[in-house]
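Worksheet: one structure, shown below.
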Amino acid sequence: MRKSIHWDKWGLIPAALLIAGMVAILLRMDPTAAWAVHFNWDGTPNRFANVGELFYLAVIAFVVFFAMAAMDEGLVQLGIGKWNVAGAIGTFSSAILFGAIFMIFRAGPEPGSHLPGGHAFLLLGFALFCGGLALALDMLRRYPEPEIESPPFTLPDLTRKNWAYWERFRLPWVDVLLATTFLPIAAGVWLFSPSKPLVFQWMTTAFLVLPLLFLGGMTLVVNRERLVVRFGLFRIPLFRVRLARIHAVREERINPIRDFGGLGIRYSFWRGWGVIFGRDCVAFTSSSGRKITVSSRRPALLAALLDRLAKDAD
């Protein structure tokens, strides 16, 4: 039975421990005192905050942790273990925020706050060490082999009126990654902008709208005349290709990171444009020489269908 979620995210263990340590330090700090959060070069403070405001750092660390867990899950499901740096990124960011809170705690509350010099280098070294530890732990994982399915297929009845073939790709972990990345940024811009000028309102709106444009994945539709690829929650058309202009259709199995640099709408110098949501794809060349690669859940069927319809359209 195929696992829906893989919980063995070893590379995120240090990040979880750092977040727990962060919360433990914050709970030990006096909530009524003013704590120094920024220092001059000589170690004297020049900015202060209360413990409630410092808890935002823990919230940021948790959001990054959750986003990297979603990214890790996506890479595992795609069978891309070699390039999995999600745990290292989550741990590095958690180490930076943990170190910042630890230095604030060590400097002490006002009055009498003071931080000895050189801590910035110690903080960076600590974060790099934690990130390296996360990478080392991730190398001990056993990644499941990606499932290769080649189900038998038969071409549909192409003589039927209003015939169409369609597929929809939606990766929930991508939706989670977008939501945990853009929405907190929008909330932060709105909450921490002092006077809410128009530019901040537009920035907040942009960070709220962008995820909606990309959530919902990809929809691929093939009819007798053309192939249409739509993207996002609002089904924004990416491109339309007339079947008569399609040549050299082939089924391919790719590595999204190595071949296209990631998922989504991508461009590769040697593979052209791609709409990538997985390893199984169909690639073809248009009559103008443009190379296009599109993900498919049934690549053998889609490749045979496009080849048949392209020949009939000639």
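Side-chain atoms are counted along with the backbone in the values below, which use heavy atoms only and exclude waters and symmetry mates.
Residue pairs meeting the side chain to side chain donor-acceptor pair (under 3.5 Å) criterion with at least one partner in residues 16-25, sequence neighbours excluded, do not occur; the list is empty.
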Kindly determine whether Leu243 and Leu309 satisfy side-chain contact (heavy atoms from CB on, under 4.5 Å), including the steps that lead there. CA-CA 7 Å; Leu243 299 181; Leu309 292 172; 3.5 Å; yes
Evaluation steps, side-chain hydrogen bond (donor to acceptor under 3.5 Å, both in side chains), between Glu167 and Thr219: CA-CA 6 Å; Glu167 293 186 31; Thr219 302; over 6 Å; no
Assess whether salt bridge (charged side-chain N to carboxylate O under 4.0 Å, His left out) is satisfied between Glu252 and Arg271, documenting all intermediate values. CA-CA 12 Å; Glu252 289 190 349; Arg271 287 182 174 269; 2.6 Å; yes
Between Leu302 and Leu220, does the side-chain contact (heavy atoms from CB on, under 4.5 Å) criterion hold? Intermediate values first, please. CA-CA 10 Å; Leu302 180 60; Leu220 179 150; 4.0 Å; yes
Under the side-chain contact (heavy atoms from CB on, under 4.5 Å) criterion, do Phe92 and Leu128 qualify, and how do the steps go? CA-CA 6 Å; Phe92 179 84; Leu128 290 174; 3.8 Å; yes
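In this structure, Thr293 OG1 and Tyr267 OH are separated by 11.5 Å, a value rounded to the nearest 0.5 Å. Residue Leu305 holds its CG atom at 10.0 Å from OG of Ser296, rounded to the nearest 0.5 Å. Atom OG of Ser94 and atom CD1 of Ile60 lie 11.0 Å apart (nearest 0.5 Å). The CD1 atom of Ile292 lies 8.5 Å from the OG1 atom of Thr285; values are rounded to the nearest 0.5 Å.
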N/O donor-acceptor pairs under 3.5 Å from side chains in residues 16-31, not counting sequence neighbours:
| unit_1 | atom_1 | unit_2 | atom_2 | d |
| --- | --- | --- | --- | --- |
| Asp30 | OD1 | Thr32 | N | 3.1 |
| Asp30 | OD1 | Thr32 | OG1 | 2.8 |
| Asp30 | OD2 | Thr32 | OG1 | 3.2 |

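A heavy-atom distance below 4.5 Å is found between the side chains of Arg240 and Arg230. Using a 4.5 Å heavy-atom cutoff, the side chains of Pro14 and Leu137 are in contact. Two residues are said to be in side-chain contact when any heavy atoms from C-beta on lie closer than 4.5 Å; Leu227 and Val221 fail this criterion. In this structure, the side chains of Leu57 and Ile101 come closer than 4.5 Å at one or more pairs of heavy atoms.
Salt bridge status for Glu251 with Arg298: absent, with no side-chain N to carboxylate O gap under 4.0 Å.
Counting non-hydrogen atoms of other residues, nucleotides and ligands closer than 6.0 Å to CZ of Phe62 gives a total of 12 or fewer. Counted within 6.0 Å of CZ on Phe105, heavy atoms from surrounding residues, nucleotides or ligands total more than 12; the atom is thus considered enclosed.
Pairing each heavy atom of Thr91 with each of Gly131, the nearest pair is CG2-N, 4.1 Å. Taking all atoms of both residues into account, the shortest heavy-atom contact from His247 to Arg245 is CD2-O, 3.5 Å. Heavy-atom minimum distance, Ala134 versus Gly11: CB-O, 3.2 Å. For the pair Pro256 and Ile276, the tightest heavy-atom approach, listed with the atom from each and the gap, is CB-CG2, 3.8 Å. The heavy-atom pair separating Trp35 from Val51 by the smallest distance is NE1-CG2, 3.7 Å. Nearest approach of Ala95 to Ala127, heavy atoms of both residues: CB-CA, 3.6 Å.
Linking ILVMFWY residues whenever their side-chain heavy atoms come closer than 4.5 Å, directly or via other members, leaves Val228 and Trp273 in distinct clusters. Cluster membership for Phe55 and Phe48, using ILVMFWY side-chain heavy atoms within less than 4.5 angstrom, is not shared.
In this structure, Ser286 contributes its side chain and Arg290 its backbone to a donor-acceptor pair below 3.5 Å. At least one donor-acceptor pair under 3.5 Å links the side chain of Asp259 to the backbone N or O of Asn255. Distance alone, capped at 3.5 Å, places no donor-acceptor pair between the Glu225 side chain and the Arg242 backbone.
Ring orientation note: the planes of Phe98 and Phe126 are tilted relative to one another, at an angle of 30° to 60°.
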